[in-house]
Amino acid sequence: MLSKRIIPCLDVKDGRTVKGVNFVDLRDAGDPVELAAQYAQQGADELVFLDITATHERRKTMIEMVKSVARQLNIPFTIGGGITEIADAEALLNAGADKISINSAAVRNPKLIEELAKAFGVQFVVLAVDTKHVDGKNMVHLNGGRLITELETENWIKQAEDLGAGEILLTSMDHDGTKAGFDCGLLGKINQMINIPIIASGGAGNMDHFTEVFQKANVDAALAASVFHYGEILIPDLKQELKRNQIPVRI
Amino acid sequence: MKDGTEKPLQGSGGIGIINYGAGNIFSLTAALDRLKVTYGMVNTENDLGKYSHIIIPGVGHAGAAMEKLKATGLVEAIKKLTKPVLGICVGMQLITEHSEEGNAALLDIVPVKTKKFDKDLNIKIPHMGWNAVSPKNNSLFEGVEDNTQFYFVHSYFIEYNPTFDIASADYGLKFSAAIQKDNFYGVQFHPEKSGKAGELILKNFSNLSL
């Protein structure tokens with residue numbers, strides 16, 4: 001049976017991870033390679049790196065980081081942030097990234113999804129969607145939830161699937177940072193609509209939240225950042241807990 | 001690693017990777033580097049003779065990959081190989097007879113077919129993530145326990161055929177996660193992305209002697 005995936009998400013700036021991490025045996029908590037290897041060893045099924053670098057030197061540092069990660073890591077990983085054209089994606093693929101995640105560039109130019117899928121296969125294209133509840137509707141937002149678009153989340157995701165997105169990374173801005181649990185209602189609804197894998201994001205605070213999102217929304221994967229980085233949830237414990245709840249996981 | 005020298009593993013004259021432009025091989029070569037297995041690229045028929053083992057990598061579209069392989073002029077020479085050959089993912093599909101992807105005739109080394117997953121089986125496509133594999137008693141899977149999980153990413157699968165199957169998995173239906181005919185092996189999952197279990201497969205392959 002296909003396992004439900006647990007995915008730590010790392011924010012990267014100028015080739016270094018930025019969120020504080022308190023793993024005891026890390027020599028350098030800012031080193032994405034060491035951190036990635038640590039997560040792989042703990043049993044993470046996959047990793048996501050989000051690049052938040054804003055300088056024009058970003059592409060070069062990013063590629064170097066991706067190469068170092070790929071040299072060390074024996075599990076799949078996704079790179080997101082600042083990918084606006086085929087050449088960006090191709091450079092990341094050649095550096096060893098398994099998937100790329102696109103967000104605002106796809107909103108601005110939906111054809112990018114189609115072009116990427118055609119060039120590299122649907123499995124390479126993850127569409128990240130930040131959604132927020134506004135006046136009774138789910139609306140797509142950009143810039144980490146600060147900028148509203150005219151797109152309704154359900155319609156956008158359906159359109160993206162038709163264009164060739166291979167996976168959806170759905171972050172609920174209403175739940176993100178609350179540690180009160182994933183948005184199981186919306187995730188379940190979207191999951192029913194599409195035939196590609198969906199990764200739940202936003203709101204993880206404890207292990208029960210993971211059980212809940214897999215049981216209620218039947219998502220394919222769950223992503224979180226701070227609960228893993230600060231050691232509030234240890235992946236081996238989480239996997240055991242999920243297993244106890246009859247959720248298929250890789251131990 | 002204790003045996004941290006650059007010399008090839010015993011019984012191995014290195015791995016030749018068929019370089020035909022179907023997908024990225026950085027992760028594969030990185031995994032071989034970690035395992036201290038020597039490798040090089042195969043661009044010509046002459047290169048095939050330089051290595052004791054051959055890997056056919058591949059991601060993407062099987063029909064398109066077959067066209068690229070044909071363009072290298074290596075097809076007939078590959079079919080005649082008697083040393084161990086391992087196809088990975090689309091590289092595995094290439095050694096089968098036919099793929100529904102692009103309705104393509106393939107190398108036809110192993111007489112099985114590559115088919116499309118049917119979403120009416122109530123499954124998501126692509127089949128993406130870690131899935132349990134049941135290996136048979138086969139040198140490629142030596143030391144791999146039943147139900148060990150490997151990382152898969154594919155929309156097309158190789159039909160289960162008990163004669164050639166050496167490891168099966170389930171996704172809506174039972175399919176071949178690995179096949180073998182004589183010296184030709186194929187794995188649908190990505191050993192280079194499948195943690196320690198995947199590294200064991202690559203190591204076993206590099207140690208295969210026929």
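Treat the numbers as computed from the prediction; the structure is a model and nothing was measured. Chain identifiers are assigned alphabetically (A, B, ...) following the order of the sequence lines, protein sequences preceding nucleic acid strands; residue numbering begins at 1 within each chain.
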Asks: Can you name the residues of residues 63-77 of chain A that have some heavy atom under 4.5 Å away from a heavy atom in chain B?
Replies: Lys67(A), Ala70(A), Arg71(A), Gln72(A), Leu73(A), Asn74(A), Ile75(A), Pro76(A), Phe77(A)
Asks: Take atom NZ of Lys83(B) as the centre, draw a 6.0 Å sphere, and report whether it contains more than 12 heavy atoms from other residues, nucleotides or ligands.
Replies: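 Result for NZ/Lys83(B): enclosed.
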Asks: Would you say Glu97(B) has more than 12 foreign heavy atoms packed within less than 6.0 Å of its CD?
Replies: yes
Asks: Show the nearest heavy-atom pair for residues Pro126(B) and Gly166(A), with the distance to one decimal.
Replies: CD-O, 4.0 Å
Asks: Side chain, backbone, both or neither: which part of Arg250(A) has a heavy atom under 4.5 Å from chain B?
Replies: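 Both backbone and side chain.
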Asks: Rounded to the nearest 0.5 Å, what separates atom CD1 in Ile125(B) from atom CD1 in Ile196(A)?
Replies: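 That separation rounds to 11.5 Å.
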Asks: Counting heavy-atom pairs under 4.5 Å to chain B, which of Asp45(A), Ile198(A), Asn195(A) comes out on top?
Replies: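 It is Asn195(A).
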Asks: Tell me, do Leu2(A) and Met128(B) make a side-chain contact under 4.5 Å, heavy atoms counted?
Replies: no
Asks: Within this structure, what is the NE2-NZ distance for the pair His61(B) and Lys118(A), rounded to the nearest 0.5 Å?
Replies: 11.5 Å
Asks: Tell me if the NZ atom of Lys189(A) is crowded by more than 12 foreign heavy atoms within 6.0 Å.
Replies: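 Counting neighbours around NZ of Lys189(A), 12 or fewer heavy atoms of other residues, nucleotides or ligands fall under 6.0 Å, so no.
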Asks: Looking only at non-hydrogen atoms, find the nearest pair between Lys124(B) and Asp220(A) and report the distance.
Replies: NZ-OD2, 2.6 Å
Asks: What part of Ala31(B) lies closer than 4.5 angstrom to a heavy atom of chain A: side chain, backbone, both or neither?
Replies: neither
Asks: Within residues 147-165 of chain B, which residues come under 4.5 Å of chain A, heavy atom to heavy atom?
Replies: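 Against chain A, the residues of residues 147-165 of chain B that fall inside the cut-off (heavy atoms, under 4.5 Å) are Gln149(B), Tyr151(B), Val153(B).
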Asks: Counting heavy atoms not belonging to Lys60(A), are there more than 12 under 6.0 Å from its NZ?
Replies: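 Result for NZ/Lys60(A): open.
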Asks: Among residues 91-102 of chain A, which residues come closer than 4.5 Å to chain B, judged by heavy atom distances?
Replies: Leu93(A), Asn94(A), Ala95(A), Gly96(A), Asp98(A), Lys99(A)
Asks: Would you find a donor on one side and an acceptor on the other, under 3.5 Å apart, between the side chain of Asn131(B) and the backbone of Met1(A)?
Replies: yes
Asks: Would you mind listing every ring pair (Phe, Tyr, Trp, His ring centres under 6.0 Å) that reaches into residues 57-76 of chain A, with sequence neighbours excluded?
Replies: none
Asks: Other residues, nucleotides and ligands only: do more than 12 of their heavy atoms fall within 6.0 Å of CD on Glu85(A)?
Replies: yes
Asks: Counting only non-hydrogen atoms closer than 4.5 Å, does Ile123(B) touch chain A with its backbone (N, CA, C, O), its side chain (CB onward), both, or neither?
Replies: backbone
Asks: For Glu167(A), which atoms come within 4.5 Å of any heavy atom of chain B: side chain, backbone, both, or neither?
Replies: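 Looking at Glu167(A), just its side chain touches chain B.
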Asks: Under 4.5 Å from any heavy atom of chain A, what part of His127(B) do you find: side chain, backbone, both or neither?
Replies: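 His127(B) touches chain A through side-chain heavy atoms alone.
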